[in-house]
There are 2 protein chains.
Amino acid sequence: MELDERKAKILKSIIRNYLETGEPVGSRTISKDDELNLSSATIRNEMADLEEMGLIMQPHTSAGRIPTDKGYRLYVDELMEEERRESKEERNMLIERVDKLETLLTNLAKMLAANTNYTTLVSAPQTSKNKLRFLQLSKVDENSVLAVIMLEGNMVKNTIIKTENVIDEQIVLKLNLLLNSFLTGLSIEDINLGLMTKLKAEAGEYSTVVEELLGAISQMLIDSAPQIYTSGATNIFKYPELTEGEKASELINAFEEKEALNELVTTSMQNKNENEIQIYIGNESPVQSMKDCSVVTASYELGEGMTGVIGIVGPKRMDYEKVVGTLRDLMHQLDTIYKNK
Amino acid sequence: MELDERKAKILKSIIRNYLETGEPVGSRTISKDDELNLSSATIRNEMADLEEMGLIMQPHTSAGRIPTDKGYRLYVDELMEEERRESKEERNMLIERVDKLETLLTNLAKMLAANTNYTTLVSAPQTSKNKLRFLQLSKVDENSVLAVIMLEGNMVKNTIIKTENVIDEQIVLKLNLLLNSFLTGLSIEDINLGLMTKLKAEAGEYSTVVEELLGAISQMLIDSAPQIYTSGATNIFKYPELTEGEKASELINAFEEKEALNELVTTSMQNKNENEIQIYIGNESPVQSMKDCSVVTASYELGEGMTGVIGIVGPKRMDYEKVVGTLRDLMHQLDTIYKNK
DNA sequence: GTTAGCACTCCATAGTCTTGAGTGCTAACA
DNA sequence: TGTTAGCACTCAAGACTATGGAGTGCTAAC
């Protein structure tokens with residue numbers, strides 16, 4: 001059976017209705033509120049077909065229909081009309097240019113959560129691809145130095161490094177100069193064996209210290225899973241279908257622990273095509289605990305290699321159009337702000 | 001009416017029972033499992049008295065009794081036997097000395113939550129009382145510098161400061177020396193007008209820059225409400241009395257937003273007597289959203305002026321003995337580790 | 001002062017009815 | 001051949017009604 005235009009219209013109407021109300025929608029509802037003037041009986045016939053095609057289902061006999069995952073997928077891929085975009089003024093999501101990336105991302109998550117009524121996550125750019133702006137060593141005591149690293153985009157990271165050798169101010173100063181001259185402008189991925197050998201040679205008697213430092217620094221930048229900022233976890237309580245049973249606990253736990261979110265971010269990064277927004281419906285989600293949700297992600301790029309992911313998690317009956325629109329808008333804003341900086 | 005010994009024993013038994021089961025406890029239960037050999041009828045008589053005294057209540061006629069807030073308070077103040085402390089090996093809460101305070105506190109919160117099955121919060125020490133270990137300025141671009149501040153206890157903070165004047169490496173270097181020589185060893189509270197005047201005089205033509213810097217630094221240390229680390233928010237789902245209605249949402253929101261927690265931390269700091277553990281039962285809690293919970297807090301001290309708060313939030317029928325014991329233990333461990341460092 | 005016994009209360013649970021929304025099918029219609 | 005009216009049927013949700021059991025308060029006896 002194929003999906004002719006009328007069936008498509010009916011499916012669209014069913015889904016639209018269900019997104020709004022969350023209640024199964026019956027034939028009479030469709031026959032009334034639609035531009036297609038058909039009796040409920042006709043709608044019923046079509047509905048039976050749509051059900052046979054696996055696009056909608058009944059929670060039980062004598063109930064209206066609700067979309068299946070397959071139905072949502074079709075809607076999202078083909079039926080949904082994007083860009084009923086409001087003017088940017090109305091959608092007061094205006095991002096101000098903030099100096100610390102951390103603050104920007106936190107605000108972003110909060111704004112999105114408040115605007116959409118869903119739960120949001122924003123991952124910081126992967127630091128392993130970020131270029132080093134400069135690095136600053138400071139002596140803490142005889143056996144430890146504080147390394148502060150400023151990355152492209154004003155991302156600041158720091159770590160305390162224990163050293164075998166005793167070190168003094170002089171050495172720290174020297175190492176500072178040395179490391180900066182070698183590493184500035186590079187990302188962790190650019191630091192290869194050849195470079196390290198050269199650097200150690202240059203360091204002379206302090207080559208072991210340099211080695212320790214480099215180790216700790218790359219550790220910090222690679223190991224530390226990218227920071228993820230979240231907001232609006234309690235929004236899930238607004239959707240009964242997400243709070244029954246253990247679901248609420250599982251979901252909130254996922255957002256508290258953040259490990260699962262990493263999975264999500266990674267998958268989204270891998271799947272991304274240029275500037276594309278991805279939608280995971282139900283079981284399509286890479287995260288088990290979100291199998292009753294839909295997840296919409298977008299990759300943002302603040303500059304060369306500085307890419308991260310913004311995600312919105314909500315019920316399967318989320319307002320996809322609004323979410324996708326909002327995300328596109330946001331990407332656009334980020335773009336213009338950061339390209340003209 | 002006064003609380004004779006027998007009444008006290010019965011009350012204790014009732015509460016113990018209720019803490020375990022969460023079910024109203026009836027006279028027969030008490031008459032059985034207790035060392036006092038009394039029939040249920042006698043217990044009933046005593047119970048009626050305890051109810052009259054406002055220590056226990058019936059959720060409805062023909063139900064067992066549950067403790068009132070007043071009953072809990074009496075239990076906590078006088079009846080509870082602390083220090084059924086297990087040996088420290090058993091209670092595997094061993095804290096390792098971690099270099100970054102942030103990590104330590106995060107781990108602390110996690111361990112506590114896992115150990116107690118309640119929700120925990122740990123506030124970082126108030127930075128305004130922390131002594132400055134050193135400060136490091138680095139030039140970012142013509143109009144901004146990165147200020148990294150290392151406080152006592154290896155707490156690292158950083159901020160980016162915009163300056164009116166254009167500055168170069170030389171100036172940064174000079175300011176670095178100047179500020180460090182003046183400020184090292186002081187806390188924000190120690191920096192008074194006199195000191196600032198002297199500092200500005202010393203800075204000569206860069207006095208305005210110095211002013212900007214000092215402003216931004218104190219802003220960072222004072223304004224930023226103390227960081228609060230939380231863990232185990234989803235533990236509240238283990239206690240049905242905390243999840244009915246909107247309660248779960250409210251509570252989790254409090255832990256997500258953290259503003260309310262600040263309130264809690266502040267109050268707890270104010271009320272603290274030397275080394276004391278505080279217990280807030282129900283409405284005694286300074287935070288409205290926790291009016292159905294009990295909150296146990298303890299103030300820790302890592303060194304001069306470096307005090308923070310550890311809190312445990314759970315249902316009113318929490319295992320007070322265990323929680324208090326665990327907290328005391330923890331304080332002890334923190335003490336020994338940090339005093340011998 | 002303590003206890004056995006008894007009548008009473010009230011929640012929880014399960015069972016029964018009723019209502020209403022919605023369906024599928026059939027037959028008539030354009 | 002597609003559309004529609006009509007009708008019997010299904011099922012969840014809500015209201016209402018026993019029924020059982022846990023627990024109480026009171027009284028009278030020990």
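Numbered from 1 within each chain, the chains take letters A, B, ... in sequence-line order. Because only heavy atoms are used, hydrogens play no part in the values below, and waters and symmetry mates are left out as well, while side chains stay in.
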message: Given A:Val296, which partner from the list A:Val76, A:Val323, A:Ile281 fulfils the side chain to side chain contact (heavy atoms under 4.5 Å, CB included) test?
response: A:Val323
message: Nearest 0.5 Å, please: how far is CG in A:Leu79 from CG in A:Leu55?
response: 9.5 Å
- line: Residues of residues 42-49 of chain B with a heavy atom under 4.0 Å from any atom of DNA chain D, listed by number, are B:Arg44, B:Met47
query: Can you check the B:Arg65 CZ to D:dG23 P distance for me, whole Å?
result: 11 Å
message: How many whole angstroms separate atom CG of A:Asn37 from atom C1' of D:dG2?
response: 16 Å
field: Phosphate contact (D:dT3 OP1 or OP2) by A:Arg6 side-chain N/O below 4.0 Å
entry: yes
message: Using a heavy-atom cut-off of 4.0 Å across all strands, would you classify A:Ala41 as base, sugar-phosphate, or nothing?
response: base
query: When rounded to the nearest 0.5 angstrom, what distance separates CD1 in B:Ile66 from CG in B:Asn17?
result: 13.5 Å
- prompt: Among B:Lys316, B:Arg317, B:Lys247, which one satisfies salt bridge (Lys or Arg N to Asp or Glu O under 4.0 Å) with B:Asp292?
  reply: B:Lys247
- prompt: Would you find more than 12 non-hydrogen atoms of other residues, nucleotides or ligands less than 6.0 Å from B:Arg73 atom CZ?
  reply: yes
field: Rounded distance (Å) that lies between atom P of D:dG23 and atom CG of B:Asn17
entry: 11 Å
query: So does A:Ser39 get a side-chain nitrogen or oxygen closer than 4.0 Å to the phosphate oxygens (OP1/OP2) of D:dT4?
result: yes
- request: Mind checking the CG-CG spacing from B:Asn235 to A:Asn253? Nearest 0.5 Å is all I need.
  value: 8.5 Å
- request: For A:Lys32 and D:dT4, give me the distance from atom NZ to atom P, rounded to whole Å.
  value: 16 Å
Rounded distance (nearest 0.5 Å) linking atom CG of A:Leu11 with atom CE of A:Met47: 9.5 Å
message: I want to confirm an ordering. Mapping A:Leu38 and B:Gly64 to their closest nucleotides on DNA chain D, which one lands closer to the 5' end?
response: A:Leu38
message: Any carboxylate oxygen within less than 4.0 angstrom of a Lys/Arg side-chain nitrogen, looking at A:Lys12 and A:Glu81?
response: yes
message: Any salt bridge linking B:Glu250 with B:Lys291? Criterion: basic side-chain nitrogen under 4.0 Å from a carboxylate oxygen.
response: no
field: Intra- and interstrand pairs of DNA chain D - dot-bracket, Watson-Crick/G-U under 3.5 Å, | marks other strand
entry: ||||||||||||||||||||||||||||||
task: State, with a plain yes or no, whether a side-chain heavy atom of B:Arg6 is found less than 4.5 Å away from one of B:Leu38.
output: yes
- request: Can you measure from CG (A:Leu19) to OH (A:Tyr320) and round to the nearest 0.5 angstrom?
  value: 7.5 Å
message: Using a 4.0 Å heavy-atom cut-off, does B:Ser27 contact any base of the nucleic acid, only the sugar-phosphate backbone, or nothing at all?
response: sugar-phosphate
For chain B, the stretch of DNA chain C it reaches, first to last nucleotide, under 4.0 Å of its heavy atoms: C:dT2 to C:dC11
